[in-house]
Asker: 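Encoded as structure tokens, here's the structure I'll be asking about.
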Amino acid sequence: MRVKVLKGKLSQFKCDAAVVCHFEGDKKLSGAAGRVDKASGGLVREVLESGDFEGKKGQIAVVYTRGSIPARRILLLGLGKKKEFNLEKSRRAFSRAAQHARDLNLKGLATSVDFGDIGQPPGRLAEALVEGVLLGLYHFLPYKTAKEEIRAGMKELVILEDRGKTLGEVKEAAKRGQVISGAVYFSRDLASTPSNEMTPTILAGRAKELGKKRGIKVNVLDVKGMKKAGMNALLGVARGSHEPAKFIILCYGGASKKERPVVIVGKGITFDSGGISLKPADSMDEMKADMSGGAVVLGVFKAASELRLPANLVGLIPATENLPGGGAYKPGDILRSLSGKTIEIVNTDAEGRLLLADALTYAGRFNPAAVVDIATLTGACVIALGEDVIGMLGTDEKLKNRIREAAEETGEKLWELPLWEDYAELIKSDVADLKNTGGRAGGAITAAVFLSRFVGKYPWVHLDIAGPAWRKKGKPYIPKGASAIGVRLLVRFLIDRVKGTGYRV
Ligand code: BES
Ligand code: MN
Ligand code: ZN
């Protein structure tokens with residue numbers, strides 16, 4: 001979809017529908033809504049006075065303008081109470097507006113970020129509404145062959161800005177919203193693709209393709225390379241599958257070579273059957289998205305390169321299937337990880353932490369300023385926090401705070417769990433240095449404590465996205481299926497990190 005920002009008035013713009021916003025309970029029509037009302041001879045006020053529309057969150061009324069203004073329709077959009085307004089509310093409301101317009105078969109929408117005096121910079125509003133519109137319209141369609149399933153969809157979103165002094169800011173922000181949404185689409189597509197067409201080899205291929213297009217260095221270790229390095233925890237998991245494992249390394253250099261990089265590690269299990277400790281059949285299909293963390297890493301690199309972020313980034317994606325083939329690793333096996341620490345396997349379904357263990361050790365080679373790993377790691381995290389929430393654990397307060405702040409900005413729900421040392425008891429092994437599970441109780445925490453044993457001398461945060469990475473039911477701007485949760489969060493974290501370097505945000 002095209003997104004354009006034009007200088008001009010919404011009330012004078014020809015389009016399928018002009019979206020104007022209203023706050024619940026507001027007597028006055030403010031900003032663009034007031035001007036569209038005036039130009040149309042009071043059409044907006046008429047709807048309000050009828051009582052059909054109050055401006056509740058996400059509420060929509062469509063009015064036909066009958067030539068009173070160039071727009072064919074006015075789409076009145078409720079933003080809820082002014083006092084409770086924030087960027088997340090506009091993201092959600094605009095995703096509803098876009099979905100409504102799509103269902104009416106409209107080809108384009110126009111709107112304005114002049115919502116009246118609400119104390120939000122126009123740029124941030126533009127970014128949020130572009131995200132709402134684009135993300136709400138996401139569909140995963142490459143496998144649908146029936147024509148009626150493939151909607152033509154909307155072609156254009158135009159933001160009219162008549163205030164000369166904020167035009168530049170709105171243009172940049174809309175562009176940023178588009179870039180970030182594009183990265184989310186990319187990441188959602190990767191995670192949605194079934195495992196027969198998203199093997200570790202294919203995932204590595206997609207990373208290389210991205211690297212070529214965007215000038216990102218991409219290096220892929222194959223099984224031989226990983227053996228040589230000593231990544232035997234990862235290789236242990238890979239043994240049950242015929243698909244060769246890959247260790248994907250991305251390097252984006254947006255800053256001076258002297259600057260230490262941020263390393264982002266993403267779990268890349270392209271299918272998790274559980275291995276010999278086989279999962280039950282129910283919902284096993286969703287385990288095609290067990291590489292969601294890896295897909296987030298690729299999305300973040302796409303966005304960072306398109307935004308030309310002045311930062312150095314390293315991405316690590318340990319990728320393999322977890323299958324119960326004849327060569328599969330078995331409960332009771334002991335693996336010698338890249339760090340040298342030995343791990344007793346208690347349950348082959350606790351495979352993610354084994355890949356991450358080797359990747360976190362490997363991350364130390366880059367002398368990182370910070371390391372963030374993101375993984376669909378534990379069902380226990382879903383039980384603890386619910387399906388909507390990212391679990392956060394880590395060793396560095398400052399880093400955790402920065403990520404918490406980024407999540408507040410992007411509307412991705414995140415909650416910290418404690419990384420208490422006492423839990424280490426639970427993953428002690430009689431025969432090896434560690435065992436790979438600590439039982440059901442506190443499973444999200446013991447998993448993170450396990451990871452912490454492989455963390456080097458760098459600030460580290462672990463994000464468990466087992467709940468929100470895959471949605472059984474849709475939310476306003478997150479349709480059913482892969483959500484790519486974490487892409488917007490990490491991009492925002494990276495943008496906030498470079499504020500003050502002269503980079504304009
Ligand atoms: N990929 C799963 C975690 C998961 C569960 C992701 C549900 C998304 C939705 C992970 O590899 C796993 O199987 N974890 C086990 C660990 C257990 C055996 C200690 C789990 O959570 O049951
Ligand atoms: Mn598993
Ligand atoms: Zn898994």
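Atoms within each ligand, like the ligands themselves, are counted from 1 in listed order.
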Asker: Can you see whether Glu412 engages Thr410 through a side-chain donor-acceptor pair at a distance of less than 3.5 angstrom?
Answerer: yes
Asker: Quick one: side chains of residues 297-317, donor-acceptor pairs under 3.5 Å with protein atoms, not counting sequence neighbours, listed by atom name and distance.
Answerer:
{"from": "Lys302", "atom 1": "NZ", "to": "Glu306", "atom 2": "OE2", "distance (Å)": "2.9"}
{"from": "Ser305", "atom 1": "OG", "to": "Arg214", "atom 2": "NE", "distance (Å)": "3.0"}
{"from": "Ser305", "atom 1": "OG", "to": "Phe301", "atom 2": "O", "distance (Å)": "3.2"}
{"from": "Ser305", "atom 1": "OG", "to": "Lys302", "atom 2": "O", "distance (Å)": "3.0"}
{"from": "Asn312", "atom 1": "OD1", "to": "Gly254", "atom 2": "N", "distance (Å)": "3.2"}
{"from": "Asn312", "atom 1": "OD1", "to": "Ala255", "atom 2": "N", "distance (Å)": "3.0"}
{"from": "Asn312", "atom 1": "ND2", "to": "Ser256", "atom 2": "O", "distance (Å)": "2.8"}
{"from": "Asn312", "atom 1": "ND2", "to": "Glu259", "atom 2": "O", "distance (Å)": "3.0"}

Asker: Quiz question: by atom type and distance under 3.5 Å, do the side chains of Tyr329 and Glu351 form a donor-acceptor pair?
Answerer: no
Asker: Does atom NZ of Lys279 have more than 12 heavy-atom neighbours from other groups under 6.0 Å away?
Answerer: yes
Asker: Apply the test salt bridge (Lys or Arg N to Asp or Glu O under 4.0 Å) to residues Glu405 and Arg492: give CA-CA distance (whole Å), side-chain angles for both, the deciding distance (0.1 Å), then the verdict.
Answerer: CA-CA 9 Å; Glu405 282 158 24; Arg492 176 53 56 189; over 6 Å; no
Asker: Applying side chain to side chain donor-acceptor pair (under 3.5 Å), name anything that partners Ser339, two or more places apart in sequence or on another chain.
Answerer: Ser337
Asker: Go through it in stages, so that I can follow the logic: the residues are Arg402 and Asp396, the test is salt bridge (Lys or Arg N to Asp or Glu O under 4.0 Å), and I'd like the CA-CA distance, side-chain angles, deciding distance and then a yes or no.
Answerer: CA-CA 10 Å; Arg402 283 178 159 184; Asp396 189 85; over 6 Å; no
Asker: For Tyr252, is the NZ or CZ atom of Lys217 found under 6.0 angstrom from the centre of its six-membered ring and inside 45 degrees of the ring axis?
Answerer: no
Asker: How about Glu88 and Tyr477: does a side-chain donor come under 3.5 Å of a side-chain acceptor?
Answerer: yes
Asker: Can you tell me the angle formed at the Zn ion (ligand 3) by NZ of Lys267 and OD2 of Asp290, to 10°?
Answerer: 90°
Asker: Quick check on ligand 1: any N or O pairs to the protein under 3.5 Å? One line per pair.
Answerer:
{"from": "ligand 1", "atom 1": "1 (N)", "to": "Lys267", "atom 2": "NZ", "distance (Å)": "3.3"}
{"from": "ligand 1", "atom 1": "1 (N)", "to": "Asp272", "atom 2": "OD2", "distance (Å)": "3.2"}
{"from": "ligand 1", "atom 1": "1 (N)", "to": "Asp290", "atom 2": "OD1", "distance (Å)": "2.9"}
{"from": "ligand 1", "atom 1": "1 (N)", "to": "Asp290", "atom 2": "OD2", "distance (Å)": "3.0"}
{"from": "ligand 1", "atom 1": "1 (N)", "to": "Thr376", "atom 2": "O", "distance (Å)": "3.3"}
{"from": "ligand 1", "atom 1": "11 (O)", "to": "Lys267", "atom 2": "NZ", "distance (Å)": "3.2"}
{"from": "ligand 1", "atom 1": "11 (O)", "to": "Asp272", "atom 2": "OD2", "distance (Å)": "2.9"}
{"from": "ligand 1", "atom 1": "11 (O)", "to": "Asp349", "atom 2": "O", "distance (Å)": "3.2"}
{"from": "ligand 1", "atom 1": "11 (O)", "to": "Glu351", "atom 2": "OE1", "distance (Å)": "2.9"}
{"from": "ligand 1", "atom 1": "11 (O)", "to": "Glu351", "atom 2": "OE2", "distance (Å)": "2.9"}
{"from": "ligand 1", "atom 1": "13 (O)", "to": "Lys279", "atom 2": "NZ", "distance (Å)": "2.8"}
{"from": "ligand 1", "atom 1": "13 (O)", "to": "Asp349", "atom 2": "O", "distance (Å)": "3.0"}
{"from": "ligand 1", "atom 1": "13 (O)", "to": "Asp349", "atom 2": "OD1", "distance (Å)": "2.8"}
{"from": "ligand 1", "atom 1": "13 (O)", "to": "Asp349", "atom 2": "OD2", "distance (Å)": "3.1"}
{"from": "ligand 1", "atom 1": "14 (N)", "to": "Leu377", "atom 2": "O", "distance (Å)": "3.4"}
{"from": "ligand 1", "atom 1": "21 (O)", "to": "Gly379", "atom 2": "N", "distance (Å)": "2.6"}

Asker: In Asp272, the N, O or S atom nearest to the Zn ion (ligand 3) is which?
Answerer: OD2
Asker: Return the name of the atom in Glu351, of element N, O or S, nearest to the Zn ion (ligand 3).
Answerer: OE2
Asker: Ignoring water, what protein N, O or S atoms are under 2.8 Å from the Mn ion (ligand 2)?
Answerer: Asp272 OD2, Asp349 O, Asp349 OD1, Glu351 OE1
Asker: Does the pair Arg206/Glu209 count as a salt bridge with the N-to-O cut at 4.0 Å?
Answerer: yes
Asker: Any N/O/S atom of Asp349 sitting less than 2.8 Å from the Zn ion (ligand 3), backbone or side chain?
Answerer: no
Asker: Between CD of Glu243 and OG1 of Thr199, what distance do you get to the nearest 0.5 Å?
Answerer: 4.5 Å
